[in-house]
2 protein chains.
Amino acid sequence: MLTRKRQLLFKKQAEIAKAIAHPLRIAIVDFLKDDEQCVCDIAVHISPERSNVSRHLSVMVSAGILEYRKEGLKVIYKLKTPCILEFFSCITAVLKQQAKENEKLLSAL
Amino acid sequence: MLTRKRQLLFKKQAEIAKAIAHPLRIAIVDFLKDDEQCVCDIAVHISPERSNVSRHLSVMVSAGILEYRKEGLKVIYKLKTPCILEFFSCITAVLKQQAKENEKLLSAL
DNA sequence: TTACTATATGACTATATACTCACATAGTAA
DNA sequence: TTACTATGTGAGTATATAGTCATATAGTAA
């Protein structure tokens with residue numbers, strides 16, 4: 001059985017993974033990959049529902065994925081742990097494999 | 001705004017991320033990192049609730065993270081996309097950074 | 001001060017997810 | 001056939017998450 005210590009580790013890891021596991025949040029992370037951005041620009045780029053964007057941003061801040069600074073009226077978010085981006089290269093690999101399998105299946109029909 | 005195509009991509013990526021984002025599922029992936037394992041051993045190692053373990057396994061199979069084969073009565077699961085493991089090294093980096101910050105905060109009190 | 005802009009949050013509803021129990025299925029062995 | 005073992009699933013409840021609207025806060029500018 002798992003030790004308490006390992007259980008705690010897996011729980012923490014799951015919290016971080018959960019904080020990424022949403023289409024809009026992934027879109028936000030992708031949008032932030034090169035540069036920090038204000039909520040205003042994130043909203044324009046990702047989704048017009050400001051309050052929803054705010055919530056998604058705060059989920060990722062709580063999880064330690066993003067950080068922000070205030071500049072006048074604007075709040076500017078940026079990736080705190082850019083290695084998150086590597087995660088997507090793996091996910092993309094999973095998706096490619098799935099596509100390959102579907103292709104195989106299709107050609108067998 | 002996001003194109004439909006990119007929205008679809010982010011949705012797919014989120015599905016895969018969601019399939020990992022659970023403490024038990026992470027524990028299972030970790031348990032499978034070196035070798036394939038039957039449900040019986042996974043249950044012994046991770047959690048005694050067989051039906052719950054079954055469900056978590058099927059979530060990850062649907063997402064394309066795991067695959068399985070049957071051998072007699074046993075069903076043996078293995079990682080289909082081992083790059084998932086790299087994901088954890090990033091998550092661990094996030095956790096380490098958080099720990100460092102907490103330390104800093106503590107020493108400032 | 002008032003009016004304005006950018007962002008965050010409370011409260012609510014809708015939906016998704018996790019867990020549990022009982023039962024079903026499928027393979028094994030007598 | 002019956003009895004057994006390993007695994008999966010239906011149905012229910014409990015909990016978590018997402019999205020929306022209205023409102024609050026904080027900074028700016030007149």
Side-chain angles (χ1 to χ4, degrees), chain A residues 1-2 7-8 10-29 31-32 35-78, chain B residues 1-2 7-8 10-29 31-32 35-78:
Chain A
M1 280 291 299
L2 296 174
Q7 279 184 325
L8 182 63
F10 293 139
K11 189 163 164 251
K12 284 274 173 199
Q13 290 181 329
E15 279 166 19
I16 294 167
K18 228 187 287 187
I20 309 171
H22 187 284
L24 285 188
R25 293 201 286 267
I26 291 179
I28 291 170
V29 168
F31 186 54
L32 294 176
D35 262 314
E36 56 181 18
Q37 301 282 352
C38 67
V39 179
C40 46
D41 288 342
I42 295 171
V44 167
H45 190 81
I46 305 293
S47 153
E49 316 287 343
R50 304 296 173 108
S51 61
N52 199 23
V53 168
S54 259
R55 276 185 212 283
H56 285 304
L57 289 167
S58 82
V59 166
M60 291 192 280
V61 168
S62 304
I65 297 168
L66 301 185
E67 61 189 344
Y68 64 90
R69 61 188 175 81
K70 300 194 176 185
E71 200 171 85
L73 264 179
K74 296 189 173 178
V75 181
I76 294 160
Y77 285 83
K78 73 169 178 179
Chain B
M1 282 290 300
L2 297 174
Q7 279 185 323
L8 182 63
F10 293 139
K11 187 162 165 252
K12 285 275 172 198
Q13 290 182 328
E15 278 166 19
I16 294 168
K18 230 187 285 187
I20 308 171
H22 187 283
L24 285 187
R25 293 200 287 267
I26 291 180
I28 291 170
V29 168
F31 185 55
L32 295 177
D35 261 314
E36 57 181 17
Q37 302 282 351
C38 67
V39 179
C40 46
D41 289 341
I42 295 171
V44 168
H45 190 80
I46 306 292
S47 154
E49 315 288 343
R50 304 298 173 107
S51 62
N52 200 22
V53 168
S54 258
R55 276 183 215 283
H56 285 304
L57 288 167
S58 83
V59 167
M60 290 192 281
V61 169
S62 304
I65 297 168
L66 302 185
E67 61 188 345
Y68 64 90
R69 61 190 175 81
K70 303 195 174 182
E71 200 171 86
L73 264 180
K74 297 188 174 178
V75 181
I76 294 161
Y77 285 83
K78 73 168 180 180

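Quick note on labels: first sequence line is chain A, next is B, and so on, each numbered from 1. Below, all heavy atoms of this structure are taken into account, side chains as well, without hydrogens, waters or symmetry copies.
- Nearest nucleotide to the B:Lys18 side chain, out of D:dT20, C:dT17, C:dA8: C:dT17.
- The listed nucleotides are C:dA6, C:dG27, D:dT9; the one nearest the side chain of B:Ser51 is D:dT9.
- Remark: C1' of D:dG19 and NE2 of A:His22 are 9 Å apart, rounded to the nearest angstrom.
- Judged by Watson-Crick or G-U wobble contacts below 3.5 Å, the nucleotide D:dT13 has C:dA18 as its partner.
- Ranking D:dA18, D:dT7, C:dA18 by closeness to the B:Arg25 side chain, first place goes to C:dA18.
- Atoms CG (B:Asn52) and P (D:dT15) sit 15 Å apart, rounded to a whole Å.
- When distances are taken from the side chain of A:Arg55 to each of D:dC21, D:dT7, C:dT7, the shortest belongs to D:dC21.
- Straight-line distance from the NZ atom of A:Lys70 to the C1' atom of C:dA8: 8 Å, rounded to whole Å.
- B:Ser58 comes within contact range of no nucleotide atom at all, as no heavy-atom separation falls under 4.0 Å.
- For the pair B:Val39 and B:Lys74, the minimum side-chain heavy-atom distance is 4.5 Å or more.
- In this structure, the NE2 atom of B:His56 is 6 Å from the P atom of C:dA18, given to the nearest Å.
- Annotation: side chain of A:Lys12 is not in contact with side chain of B:Pro23 (no heavy-atom distance under 4.5 Å).
- The interatomic distance linking B:Ile42 (CD1) with D:dA6 (P) rounds to 14 Å, in whole Å.
- A:Tyr77 comes within 4.0 angstrom of the backbone, heavy atoms only, and of no base.
- One interatomic measurement links the two molecules: CG of B:Leu73 to C1' of D:dT5, which rounds to 5 Å at whole-angstrom precision.
- The structure places NE2 of B:His22 at 7.0 Å from NZ of A:Lys18, a figure rounded to the nearest 0.5 Å.
- Of all heavy-atom pairs between A:Leu2 and B:Ile46, the closest is CD1-O, 4.2 Å.
- When both pairing distances are held under 3.5 Å, C:dA24 makes a Watson-Crick or G-U pair with D:dT7.
- Protein atom CG of B:Leu57 is 11 Å distant from nucleotide atom C1' of D:dG8, rounded to whole Å.
- Across the protein-nucleic acid pair, A:Arg50 atom CZ and D:dC21 atom C1' stand 16 Å apart, rounded to whole Å.
- Relative ring orientation between A:Tyr77 and A:Tyr68 is described as tilted, the plane-to-plane angle lying within the 30° to 60° band.
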